[in-house]
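Below: the structure, in structure tokens.
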Amino acid sequence: MNIFVVNGSPRAENSNSLQLTRAFLDGAGYDAEIATLAKLRIASCRGCFACWQKTPGLCAIKDDMAWILNKIITADVLVWSFPLYYFSLPGALKNLIDRELPLHLPFMAADAPNGGHPPRHDLSRQRHAVISTCGFWRSEGNYDGVTAMFDHMYGNGNYAKIFCGQGELFRFPELRERTRAYLELVRKAGAEFARGGIRPETQRELAEPLCAREAFEQMADASWGVSGDGTVKTDDDGFGFMTQMAALYRPDGKGRVIEFAFTDLARTYQIICSPDGHRLIRDDFRPYTTRIETPYAVWKAIARGEISGQEALSQRKYRVLGDFDLLLRWDGLFGAGPASSPPPGKEGGQKSNMAVLLAPWMVLWAAPAVHPAAGGVLGVITAAAVPLIWFLCKPTPFEQISVPAVAGLSLLAFAGGDPRLIVPAGYGFFGLLWLSTAFCGIPLTAYYAQNSHGGGKALENPLFMRTNRILTASWGVLFLLTPFWTYWLMATAVSPFIGLVNAALPVILGVFSAWFQKWYPAKWARG
Ligand SMILES: Cc1cc2nc3c(=O)[nH]c(=O)nc-3n(C[C@H](O)[C@H](O)[C@H](O)COP(=O)(O)O)c2cc1C
């Protein structure tokens, strides 16, 4: 299959639009030939009509257009890639389109309601895609001129179109997270095009602005490095960078004040986040929720993806004061996804739940001690119910191990086994399970805590993992020691209440864990 792309951006390979086009081709699985207009010699049409009269089908001008025309005739898929210039096409591309005259016959087409010329070649097999970025905050309303022209050329609805506002964002490495998500969508559109056509849902998603209008326009204005009076700013005071970063903020329904102190620039900025929006200020500061003290160069390198934020923190290249939790949720709050995507923590998809792990064990620890047979039956029923809950909550390996373990021990109790041995054995098994994961890749608590810390990304955070490793080990030791006093207590009158008695220490450790998982990372980050 011949795939031919006309890259009409004067920026040649550095075109924003071409980034989209490449993603589209990649998604479609097309190996395309790309003609870069900026590198070709294509004069404007002279209007001599020699291609219709003297030399039918051949242009009088001898330049690169002869090659282009040949490519256009033989292409099975023709992709037009260009920036929006003055609500239309860049001049060089319009030149090229004017020079397509040899592809038409001079006669008037009978089937064109407003007039037209029939094609000289049968190109009915050919499919078309029009891909473009523009500088305004959205594409809607800005491409009327472009669509009017392509509608005339190919017929309304007979070509795929991807028009993307905020095109200049594709140039900033600091915004790569956001633009990468959009390019992924374009890739998906390419795949759908290759299968027949871009689906309406994908088309709707493609039309969504990358950033909210106000944030984008603030960022765009600041990016020029020109003051309000039109003079060029000589120093980079970090304001443009901060507006860019603030623009990426996705409200999660919480109010907070994020303070940035650039230690080398002696500049401070605050992003004031309210449940439904945010703004950047440089004076009249409020008490901060989280303060990040960092050299400007370090934070810029992090934003560009040159160094990892966690790595820089562990090397103490910056420090964090106040609420550290924000940093664990950074990627969710400042990460990929269009402005209208769900706020962090409210994304769809199943989440694990520690109650699903604990419930069958708690039944095993309490019920057989009250009535071995009935307790055993209850234990089996609870263990059997866990797989049903997996339809609602994401299962973890520990729950998968727990189900047969609890069911087996409960059956033992039902069959007349001694609860004085079964209950401590349950604690011992559970303790081993916890403690062993403290030495594995992902400690047990991290599986569950990631839900409230930005999902799987939290698992890449060394501080989050270290905190959870300590907590998992603490719980493992507690559960491993519990069998000793349980065995002894079950020989006393306390035995029927053993489940209740043994709940006291976990409650205390639970309170400690809630405190520790905030205190420990914050202590580390303070330096
Ligand atoms: C001469 C000129 C005219 C432009 N006209 C518009 C316009 O009418 N509307 C718009 O949204 N952006 C306009 N832009 C911005 C470009 O469309 C935008 O920067 C685009 O992302 C550039 O894409 P490229 O890197 O593929 O060339 C214009 C840019 C230039 C240089």
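This one's a predicted model, so the numbers in the text were calculated from it and none came from an experiment. Count residues from 1 along the sequence. Both counts, for ligands and for their atoms, begin at 1 and track the order of listing.
Closest to atom 9 (N) of ligand 1, if we only count protein heavy atoms, is Phe136 CE1, 3.2 Å. At the top of the distance list for atom 29 (C) of ligand 1, counting protein heavy atoms only, stands Tyr85 CE1, 3.5 Å. Protein heavy atom at the shortest distance from atom 20 (C) of ligand 1 is Thr133 OG1, 3.4 Å. Distance from atom 18 (C) of ligand 1 to its nearest protein heavy atom, with residue and atom name: Glu168 OE2, 3.5 Å. Looking only at protein heavy atoms, the nearest one to atom 12 (N) of ligand 1 is Gly135 N, 2.9 Å. Remark: minimum distance from atom 5 (N) of ligand 1 to any protein heavy atom is reached at Tyr86 N, 2.9 Å.
One side chain, Thr202 or Glu192, offers a donor N or O that lies under 3.5 Å from an acceptor on the other. With hydrogens and angles left out, the side-chain atoms of Tyr288 and Asp323 include no donor and acceptor closer than 3.5 Å. A donor-acceptor pair shorter than 3.5 Å cannot be found between the side chains of Tyr182 and Arg187. In summary, the side chains of Ser352 and Asn451 do present a donor paired with an acceptor at a separation below 3.5 Å, with no hydrogens or angles considered.
Note on Asp76 versus Arg127: no salt bridge recorded, every NZ/NE/NH1/NH2 to OD/OE distance being 4.0 Å or above.
You'll find the ring centres of Tyr143 and Phe163 inside the 6.0 Å limit.
In this structure, Arg319 is not positioned above the aromatic face of Trp524 in the sense of NZ or CZ being under 6.0 Å from the six-membered ring centre and within 45° of the axis. Because its NZ or CZ atom is both nearer than 6.0 Å to the ring centre of Phe239 and within 45° of the ring axis, Arg282 counts as a cation-pi partner of that residue.
An N or O contact shorter than 3.5 Å links Ser9 to ligand 1 by distance. Considering both main-chain and side-chain atoms, Pro10 never comes within under 3.5 Å of ligand 1 through any nitrogen or oxygen pair. Inclusion of Gly167 in the set of residues having an N or O under 3.5 Å from an N or O of ligand 1 is not warranted. For Phe87, a nitrogen or oxygen atom sits less than 3.5 Å from a nitrogen or oxygen atom of ligand 1, counting backbone and side chain alike.
Comparing Leu169, Leu84, Asn142 by heavy-atom distance to atom 14 (N) of ligand 1, the nearest is Leu84.
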